[in-house]
Amino acid sequence: MEFTLSPELKALQQKVRKLVYEELIPLEVEVEMADGYLSPAQRAALREKIRPLGIHASSLPQAAGGTAYSWEAQVVINEEIGKATNALGWLVWAPAIVLKQANAEQIERYVRPAANGERDACYAVTEPNAGSDASVLSTTAVRDGNDWIINGEKWHVTSGDVADFVVIQCATDPEIGDGNTLFFVDLDSPGVTVIEHPKYSHHIIDGHPKYAFKDVRVPDANRFGEVGGGLAISKEWFLHERVMIAARCCGAAYRLIEEATAFAKARVQFGSPISEYQMTQQKLADSLTELWAARLMTYAAAKAADEAETEEERKRVHAKASMAKLYATEMANRVADHAVQIFGGRGYMRENVAERYFRELRVERIWEGTSEIQRIIIAYSLYKRGVEALIG
Ligand SMILES: Cc1cc2nc3c(=O)[nH]c(=O)nc-3n(C[C@H](O)[C@H](O)[C@H](O)COP(=O)(O)OP(=O)(O)OC[C@H]3O[C@@H](n4cnc5c(N)ncnc54)[C@H](O)[C@@H]3O)c2cc1C
């Protein structure tokens with residue numbers, strides 16, 4: 001099975017690639033040396049360059065202010081933005097796909113401004129005692145008249161340092177639905193505090209603060225979805241993110257292979273370019289082969305999502321997304337390891353692309369469901385649906 005991009009998608013790919021190579025990649029080393037800091041003014045200026053390209057908010061419908069691309073087109077965008085380190089590609093802002101499920105009033109208050117780049121969102125599920133199992137939370141939302149009172153702690157809240165509102169998953173009555181409910185919470189609400197800005201292996205432009213919620217009062221109008229429907233919405237978010245993570249990992253591996261190949265051809269040791277040595281060739285050949293496989297899977301998962309019509313087809317997409325995420329994230333880590341080795345001592349310097357990816361790609365095997373969790377999803381889907389239903 002081969003895939004070819006339509007002329008429209010090829011044009012989209014070239015447009016995003018130009019942005020990444022001309023505007024984002026040149027910033028990498030400066031941002032790395034500043035431990036991921038990008039000033040608000042630089043952020044704003046870059047966003048204004050990105051806005052006319054029409055590639056932001058790509059998963060949201062136009063009615064909610066988005067640019068309404070297919071999953072396949074979003075994979076094209078994410079593959080290209082994955083080619084910049086330090087998460088500079090996130091400057092192409094992409095509010096969570098599930099925000100389109102907000103009601104009309106919430107769309108005007110939260111979703112449209114986020115799609116326009118006027119407000120920024122983060123999504124808080126994880127807690128000190130709830131990670132892979134996001135169904136049993138300690139953060140509670142208790143009904144009080146027409147309001148809800150939220151108490152709890154959320155960890156690793158990506159973009160929580162630059163966002164101004166959060167979609168928070170809380171435990172509600174376990175007898176209703178999946179026992180979880182989502183809320184929009186403005187981060188300047190009384191009772192919301194940052195506990196800590198932890199430091200992580202990577203130095204990317206957004207942080208992951210820990211947040212405390214102490215008697216935070218929100219009106220029922222801020223409830224996102226049904227009472228007891230929160231976990232189901234979060235799972236839809238995970239599904240979409242898994243395919244886009246796979247795409248970004250393909251982009252990262254692509255860049256690593258390009259850069260490592262160019263270096264190997266130029267670097268002379270023992271009188272020959274190291275590209276002439278078979279142990280270098282093996283690393284590059286394995287990397288390219290694995291990237292090809294990961295790209296085929298990722299585009300196939302996106303196409304399956306675009307084409308799914310029945311409930312059963314949509315369920316199959318979950319397994320395909322997990323396979324794409326599992327394989328592409330693990331592939332990208334292997335490619336980064338090979339690239340560091342090819343660069344030798346240079347590959348251990350923070351100014352080097354392989355060193356940065358070597359650290360940055362590690363988390364792709366952890367967030368949005370660890371590799372172990374993806375394997376569990378794939379295995380149960382296999383038991384339930386069989387081989388043919390999943391891979392044809
Ligand atoms: C940089 C970063 C950013 C993040 N951003 C966000 C965010 O924006 N919002 C958010 O809500 N969360 C976020 N997370 C949290 C992330 O989704 C969790 O870290 C992840 O789901 C794993 O949970 P955990 O860390 O609690 O590990 P645990 O669930 O405690 O798992 C520990 C280990 O046990 C394994 N394990 C667990 N259960 C099983 C099982 N049944 N079978 C086999 N192995 C198992 C895991 O695979 C893992 O290897 C982020 C995390 C990081 C590191």
Side-chain angles (χ1 to χ4, degrees), residues 35-36 85-87 89-90 93-99 114 120-139 141 150 152-171 180-185 187 192 194-213 224 230-242 244-246 248-249 252 321-322 325-326 329-330 332-333 356-381 383:
D35 291 343
T85 64
N86 304 88
W90 294 6
W93 64 100
I97 187 170
V98 291
L99 292 181
D120 284 299
C122 54
Y123 208 113
V125 179
T126 307
E127 303 180 347
N129 294 314
S132 298
D133 182 0
S135 65
V136 188
L137 300 179
S138 302
T139 299
I150 297 175
E153 192 173 315
K154 294 289 183 185
W155 278 25
H156 310 302
V157 183
T158 294
S159 309
D161 55 337
V162 290
D164 67 329
F165 73 92
V166 62
V167 175
I168 184 172
Q169 187 176 316
C170 303
N180 287 261
T181 306
L182 298 173
F183 297 89
F184 289 101
V185 177
L187 287 170
V192 180
V194 173
I195 305 169
E196 189 193 349
H197 289 282
K199 293 194 183 298
Y200 291 79
S201 298
H202 57 210
H203 304 121
I204 65 172
I205 58 170
D206 289 6
H208 319 278
K210 288 181 188 170
Y211 266 99
F213 297 81
F224 174 24
L231 188 60
I233 297 179
S234 291
K235 282 184 178 170
E236 288 299 312
W237 172 56
F238 299 152
L239 168 70
H240 179 260
E241 260 307 292
R242 282 170 189 160
M244 299 310 147
I245 284 172
R248 292 195 290 274
C249 283
S322 287
K325 197 237 180 207
L326 171 65
T329 59
E330 304 245 334
N333 276 264
R356 295 194 298 279
Y357 272 129
F358 184 73
R359 279 179 291 109
E360 291 177 18
L361 289 168
R362 189 62 183 83
V363 76
E364 310 288 3
R365 291 159 57 191
I366 296 172
W367 59 19
E368 308 304 341
T370 62
S371 289
E372 289 78 12
I373 297 302
Q374 306 311 323
R375 289 185 172 98
I376 291 169
I377 295 168
I378 298 161
Y380 279 115
S381 195
Y383 300 158

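Start at 1 and go down the list; that is how both ligands and their atoms are numbered. What you see is a predicted model, and the numbers here were worked out from it, not measured in a lab. Any value given below was found using the heavy atoms of this structure, including those in side chains, with hydrogens, waters and symmetry copies removed. If you read the sequence from its start, that first residue is 1, and numbering goes on from there.
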Quiz item: What protein heavy atom sits nearest atom 8 (O) of ligand 1, and how far away is it?
Solution: Thr158 N, 3.0 Å
Quiz item: Got the closest protein heavy atom to atom 40 (C) of ligand 1, with its distance?
Solution: Ile376 CD1, 3.7 Å
Quiz item: Among protein heavy atoms, which lies nearest atom 44 (N) of ligand 1, and at what distance?
Solution: Glu372 CB, 3.7 Å
Quiz item: Which heavy atom of the protein is the closest neighbour of atom 29 (O) of ligand 1, given with residue, atom name and distance?
Solution: Ser132 OG, 2.6 Å
Quiz prompt | Atom CZ of Phe358: over 12 foreign heavy atoms under 6.0 Å | solution = no
Exercise. Start with the C-alpha distance between Thr139 and Gln169, add both sets of side-chain angles, then the distance that settles side-chain contact (heavy atoms from CB on, under 4.5 Å), and finish with yes or no.
Key: CA-CA 8 Å; Thr139 299; Gln169 187 176 316; over 6 Å; no
Quiz item: With under 30° as parallel and over 60° as perpendicular, where do the rings of Trp237 and Tyr123 fit, or are they tilted in between?
Solution: parallel
Self-check item: atom 50 (C) of ligand 1 [closest protein heavy-atom partner, distance rounded to 0.1 Å]
Solution: His156 CB, 3.3 Å
Quiz prompt | Distance (rounded to the nearest 0.5 Å) between Trp90 CH2 and Ile205 CD1 | solution = 7.5 Å
Quiz item: Is there a protein heavy atom at a distance of less than 4.0 Å from atom 3 (C) of ligand 1?
Solution: yes
Quiz item: When you measure from atom 20 (C) of ligand 1 to every protein heavy atom, which one gives the shortest distance, and what is it?
Solution: Ile366 O, 3.6 Å
Self-check item: Thr370 and ligand 1 - part of the residue with a heavy-atom distance under 4.0 Å
Solution: side chain
Quiz item: Which of the atoms of ligand 1 are close to Val125, meaning less than 4.0 Å from one of its heavy atoms?
Solution: 10 (C), 11 (O)
Quiz item: How far does CH2 of Trp155 sit from NZ of Lys210, to the nearest 0.5 angstrom?
Solution: 4.0 Å
Exercise. Would you give the length of the straight line joining atom OH of Tyr383 to atom CD1 of Ile378, rounded to the nearest 0.5 angstrom?
Key: 11.5 Å
Quiz item: What protein heavy atom sits nearest atom 9 (N) of ligand 1, and how far off is it?
Solution: Tyr123 O, 2.8 Å
Quiz item: Considering only the protein, which heavy-atom contact is closest to atom 16 (C) of ligand 1, and what is its distance?
Solution: Thr126 OG1, 3.9 Å
